[in-house]
Amino acid sequence: MAAQANESEQVEQSQKRKKEAKNIPEAHEGEERRENEVKNEELDPELFSCLLQPIAADSDLDYIGIRRLLLHRKAQSGAHRRIEWRCNGKGYVAYRNFINRPRNWESLLLQSQSSTPNQSGRWVASPGPLSLLLEVESMNSSRGLHGSSQARNSFSSSTSDNDHRSDRSRRKAEPAYSFVGMHCIFDQCKVAVTVLKFGHMSSDLLAYGAGDGSLTVCSVSDPPSVTKQLIGHTKDVTDFDFTANNQYIASTSLDKSVRVWDLSKGVCIRVIYGVSVQWCIRFHPVNNNFLSVGNANREINVYNFSTGRLMHKHVLDDEVTAMDHDHTGQLLFCGDAQGFIYTVGMDSRTGALSRLHRNRNGSKRKSPVTVVKYRTFSLLARGPVLLTCTQDGSLAFFSVALEVKGYLTVRCSLKLTPRVHRIRASFCPLLSLEKGEYIVAGSEDSNVYFYDLTRPRHTCVNKLQGHSSSVIGITWNHGENLLASSDASGTVIVWKRAKTS
C-alpha cells in the first residue's frame with residue numbers, strides 16, 4: 001500500500017512539473033505580446049506616415065510639420081471621444097453639441113444646442129438671461145443693401161429659418177454700434193486720403209496721409225482744427241505710424257522713401273531712401289528705437305530710429321504690403337501681394353528677424369493684403385486674434401497661438417465685393433467685448449459698414465452714409481467714442497458714437 005501511495009505522489013508531482021513547464025512559455029508569450037503592443041503605441045505608424053507625406057516645393061517645412069502634427073492629434077482625440085460616446089449610447093447630435101460647447105458650459109448650465117447643420121457653439125452667444133436681453137436686432141440699414149448684401153456670405157456658420165425667427169423674437173434693440181452723427185469734417189484735401197490714424201493712446205490727435213504726398217495732423221477736440229501740414233513726399237503716402245509718446249511720425253510713400261517727422265516743429269528730421277516702393281511701417285511696441293518697414297522688393301527692413309541705419313533685413317516670397325506687431329514685440333505679422341500671411345519672429349534687443357510660419361488668407365485668389373490688425377484678446381477666440389483684409393474683399397479672422405510662436409488658425413471669414421482701392425478695415429474692440437465680433441470696413445459704394453462675424457445671416461449690422469466717393473481709410477480713437485473715415489475725394493469725417501448705458 002505504501003508503495004502504491006509513493007507512486008501516485010510521484011505521478012502527481014510529474015504532472016505538476018509538466019503544467020509548470022507549459023505555463024512558462026505562455027507567460028513569456030504574454031509578456032512579448034504586451035511589449036509589442038507598447039512598441040506599436042510608441043512607434044505610432046499613422047503619425048509617421050502623416051509627417052512623411054510629400055510636400056510642395058514652395059511650402060514652409062516648419063509650418064507643414066506643425067500643422068500635420070496638430071491635425072493628427074486632433075483626429076486622434078476626436079476618435080477617442082466618438083468611441084466614448086458610442087459606448088454610452090449617445091447619438092451624433094449629442095456628441096456634436098458636446099464638442100461645440102462653450103468653455104464655461106458647466107457654470108452656464110446650458111441646454112443642448114438645436115440640431116441645425118454646421119452650427120458651432122463656439123461662435124454662438126450663450127443663451128443665458130443676460131445675453132438674451134443684450135441680443136441685437138439687425139439694423140434696418142442692413143436690409144437696404146439689396147443685391148450686394150445677398151452676395152455677401154459668412155463662412156463661419158449657418159442656422160435654419162426657424163431658429164433665426166425665434167432668435168429675432170427674443171432680441172431687443174440696443175445702440176451699441178449706433179452713431180449720433182458727424183463730430184467734424186476735414187475737407188481741405190483735394191485728392192484721395194489713403195491712410196489715417198489716431199495717435200497712440202490718444203482720443204483727439206488725428207493724422208492722415210493723401211495721394212499728393214502730404215501728411216495732415218489735426219486735433220478733433222472742440223473746436224476741431226488742423227495743427228500741422230507735413231510736406232515732403234512727392235507721391236502717395238502708403239502708411240505711417242506714431243511713436244509711443246506721439247512726438248514723432250514715420251511715414252512711407254510710393255516715392256520709395258521713408259521720412260521721420262517731428263510733430264512739435266512740423267519738420268522732417270530724417271529721410272531714408274530705398275530702391276523700391278515702401279508699403280508699410282511700424283514702430284516696435286516695446287523698443288521704439290526699432291522701425292520695421294515692408295517694401296515692394298520683398299524685404300522687411302529694421303532701421304535704427306535714432307541713426308537711420310539699416311540693422312537687419314529679412315526677405316519674404318513677395319511684396320510686403322501690410323504689417324503689424326503683437327503686444328510683446330516678439331512677433332511681426334506681415335501680408336504680401338499674393339495673399340499670404342507671415343509670422344516673423346523679432347528680437348526686442350537686437351532687432352533680428354526670423355521667419356516662423358506662412359498662412360493662406362481666407363480667399364483662394366491671389367490678392368494683395370491691405371490690412372493686418374493684431375488685437376491682444378477676443379472673448380470668442382479666448383486669446384489674441386488677427387484681422388486681415390485683401391483687395392478682393394476677403395476678411396479673415398485668425399486666432400493666434402502664442403505658445404506655438406504665432407501659429408495662426410482661421411476662425412471665421414467673410415467675402416465682400418472686390419475693391420479697386422486699397423480699402424482698410426478695423427476691429428471694434430469695445431463693441432466686441434460686449435458680444436459678437438464686430439468689424440468696421442470701408443466700401444466702394446461710399447458707405448461705412450459694420451459687420452458681426454458671429455452672425456450666421458444678416459452679417460451687416462449697421463452702415464454710415466455721408467461720403468460722396470469710395471471710403472478707403474478707417475480708424476478708431478483710443479476711447480472708441482470717435483470713428484474717422486476717409487474717401488477718394490479727400491474728405492475725412494469723424495463720427496461720434498452714441499453713449500450706451
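The two atoms that bring Tyr451 and Ala441 nearest to each other are CE1-CB, 4.3 Å, heavy atoms only. Among all heavy-atom pairs drawn from Phe240 and Ala207, the shortest one is CZ-O, 3.2 Å. Minimum interatomic distance between Ala322 and Val372 (heavy atoms only, all atoms of both residues): CB-CG2, 3.8 Å. The shortest non-hydrogen separation linking Ser378 to Glu437 is OG-OE1, 2.9 Å.
Residues satisfying the salt bridge (charged side-chain N to carboxylate O under 4.0 Å, His left out) criterion with Lys313, sequence neighbours excluded, are Glu299.
A salt bridge does not link Arg422 to Asp239: none of the charged nitrogens lies less than 4.0 Å from a carboxylate oxygen. One finds no salt bridge joining Arg419 and Asp392 here, because no Lys/Arg side-chain nitrogen approaches an Asp/Glu carboxylate oxygen to under 4.0 Å.
No close placement of the Tyr342 and Phe333 rings is indicated, their centers lying 6.0 Å or farther apart. With ring centers used as reference points, Tyr248 lies under 6.0 Å from Phe305. Ring centers of Tyr407 and His357: under 6.0 Å apart, within the cut-off.
Side-chain contact check for Gln391 and Thr370: no donor-acceptor pair (N or O, by modelled atom type) lies under 3.5 Å. Using a 3.5 Å distance cut-off with no hydrogens or angles, the side chains of Asp204 and Asn477 do not pair a donor with an acceptor. Judged purely by distance below 3.5 Å, without hydrogens or angles, the side chains of Thr243 and His200 never pair a donor atom with an acceptor atom. Residues Ser485 and Asp487 bring no donor and acceptor atom of their side chains to less than 3.5 Å of each other. For the residue pair Glu444 and Thr417, no side-chain donor N or O sits within less than 3.5 Å of a side-chain acceptor on the partner.
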Begin from the C-alpha positions of Thr388 and Val371 and carry the test side chain to side chain contact (heavy atoms under 4.5 Å, CB included) through to its verdict.
CA-CA 5 Å; Thr388 64; Val371 172; over 6 Å; no

Does the ring pair (Phe, Tyr, Trp, His ring centres under 6.0 Å) test come out yes or no for Phe179 and Phe450, once each step is laid out?
CA-CA 12 Å; Phe179 288 75; Phe450 291 80; 5.5 Å; yes

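For the pairing with Arg358, the side chain to side chain donor-acceptor pair (under 3.5 Å) check across Asp317, Asp336, Thr343 returns one residue only, Asp317. Just one of Val286, Leu332, Asp241, Leu331 meets the side chain to side chain contact (heavy atoms under 4.5 Å, CB included) condition when paired with His325; it is Leu332. Among Val320, Thr321, Thr252, the one residue that satisfies the side chain to side chain contact (heavy atoms under 4.5 Å, CB included) test with Cys280 is Val320.
Proximity of a side-chain donor or acceptor of Trp261 to a complementary backbone N or O of Leu215 within less than 3.5 Å is not detected. A donor-acceptor pair under 3.5 Å links the side-chain atoms of Asp255 to the main chain of Ser257, judged by distance alone. Judged by distance alone, with hydrogens and angles left aside, the side-chain atoms of Ser253 form a donor-acceptor pair with the main-chain N or O of Asp236 at under 3.5 Å. Counting only distance, with no hydrogens or angles, the side chain of Asn288 and the backbone of His284 share a donor-acceptor pair below 3.5 Å.
Legend: side chain to side chain donor-acceptor pair (under 3.5 Å) pairs involving residues 263-274, not counting sequence neighbours, sorted by first then second residue: Asp262-Ser264.
One finds the CD atom of Glu480 at 8.0 Å from the OG atom of Ser426 (value rounded to the nearest 0.5 Å). Here the OG1 atom belonging to Thr475 is positioned 5.5 Å from the CG atom belonging to Leu196, to the nearest 0.5 angstrom.
Heavy-atom neighbours of Met201 CE from other residues, nucleotides or ligands within 6.0 Å: at or below the threshold of 12.
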